[in-house]
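Data first, discussion second: the structure below is written as structure tokens.
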Amino acid sequence: MSQESTTAQPAVRQALHPFGTSIFTEMTFLSNQVGAVNLSQGFPDFEGPEEIRRAAAEAIMRGPNQYCPSMGIASLREAVALKMKRFYGVDVDADREVTVTAGASEAIGAALLGLVDPGDEVILLEPCYDLYPPMAAMAGAKTVYVPLKRPGFGLPRDALAEAFTDRTAAIIINNPLNPTGKVFTRDELEHIGNLCEEYNAVAIGDEVYEHLVYDGRKHVTLLQVPSLRERSIVISSTAKTFSLTGWKVGYAVACPNLSEAVRMSHQFITFCTPSALQEAMASAIGMADSYYETLLLEYGSRRQRLCRALEDMGFETYRPEGTYYASIDISPLGFEDDLAFCRCLTTEVGVAAIPASFFWKDRRAGKDLVRFCFCKKDETLDSAIERLAKWRP
Ligand SMILES: Cc1ncc(COP(=O)(O)O)c(C=O)c1O
């Protein structure tokens, strides 16, 4: 029997030392501890459509429940290819250009691990989703941060051009953008495309909120931009569109050459993901236009409910162009920063939110912003609004 060492060895690899516990875990934990209304982490408090859940249950009972092809089952890859044609007019080869992954998260990881060599540079537009920096670090990349221009979070064209070098392997574009809800314009994406072409870099699009774009705006996928059709990996997920975040059914769409990079690493990460859930999502993606229209209408009404209430309370509110997050400016409220505000809001007011500064490398750049998610039942939103209104009558 081996003796236990008395001095604990540091177990976590060096590349991960700069990163702590995710702020989503921390805020949800605190929220549960004090019984707050949780508008922090972005998951619905209602179930996804019953027919999708039934389809998964039937697939499990029917079987087989064994490993499926690493790239994903044919019906889901075909559904994704049809979706790309139906919503964006892009022709996609289901066999060679679609890879099913464990959520968008694994697809982002697989793309970076499959593409990047140690020392390569990866450009991140700030604010950026918390998964990108540690994932890029684990891939051995050097991260280069380019902050979007406030107040509207527009693309800083000159700064971005300066950030590209011969070592740039990839840039990640989260569109629509979590946390601020910015939707990139076609013109901005073309500018990114030109730079990727000039520097032979790959654009990785994280488009998980593609169906939540408001006020008549249209989501433009990277694959619609001619200069990016053969040099981008577009990643999406069924989590947000079908309100089934726990299933982690995601996928990456890219030309065969780039799909090869994703598939190569994916086979050594998860190899494959649950086939019953894939089967159910294959039929979900093919649902009638009315499903997608209703989804958008419902989210439009939740957005209006929360934003109008926040505005009525006198908060300067950022109404998102896309996603299911709304932010407020807390700078006039006298708190030390957004984290102090969110801790106080959770424990004193009973509403949990996310301090948006965690989406920047230099947290000072976002310490005036706090993000609320509105993927919640009306009564949950109303209960949060009521608590906030009592605090700020
Ligand atoms: C921008 C963004 N990308 C990826 C994900 C994770 O997606 P999935 O659950 O499919 O891994 C999220 C979830 O909140 C997200 O906001």
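Throughout, numbering of the chain's residues begins at 1 and tracks the sequence. Counting starts at 1 for both ligands and their atoms, in listed order.
- Looking at Y209 next to ligand 1, an N or O pair under 3.5 Å apart turns up.
- Using bins of under 30°, 30° to 60° and over 60° for the plane-to-plane angle, the ring pair F359/Y129 lands in the tilted bin.
- Under the side-chain contact (heavy atoms from CB on, under 4.5 Å) rule, D338 has a single partner from L369, I330, I354, which is I330.
- Among N178, N174, D206, the residue whose heavy atom sits closest to atom 2 (C) of ligand 1 is D206.
- The backbone N or O of D382 lies less than 3.5 Å from no partner atom in the side chain of R305, so there is not a single donor-acceptor pair.
- Residue E106 places every heavy atom at 4.0 Å or more from ligand 1.
- Here the protein heavy atom with the shortest distance to atom 11 (O) of ligand 1 is S105 OG, 2.6 Å.
- Taking only nitrogen or oxygen atoms, main chain and side chain alike, T245 does not reach within less than 3.5 Å of ligand 1.
- Below 30°, between 30° and 60°, or above 60°: for F242 and Y292 the angle between ring planes is above 60°, a perpendicular geometry.
- Looking only at protein heavy atoms, the nearest one to atom 13 (C) of ligand 1 is K240 NZ, 3.0 Å.
- Below 30°, between 30° and 60°, or above 60°: for Y88 and H219 the angle between ring planes is above 60°, a perpendicular geometry.
- Set against the non-hydrogen atoms of K248, the atoms of ligand 1 under 4.0 Å away are 8 (P), 9 (O), 11 (O).
- Short contacts between ligand 1 and G103, defined as distances under 4.0 Å to a heavy atom of the residue, involve ligand atoms 10 (O), 11 (O).
- Closest to atom 10 (O) of ligand 1, if we only count protein heavy atoms, is S237 OG, 2.6 Å.
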For this session: Check the pair D337 / R364 against salt bridge (charged side-chain N to carboxylate O under 4.0 Å, His left out), numbers first and verdict last.
Result: CA-CA 8 Å; D337 63 13; R364 284 171 303 182; over 6 Å; no
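- Below 30°, between 30° and 60°, or above 60°: for Y324 and F374 the angle between ring planes is above 60°, a perpendicular geometry.
- The distance criterion of under 3.5 Å between nitrogen or oxygen atoms is met by A104 with respect to ligand 1.
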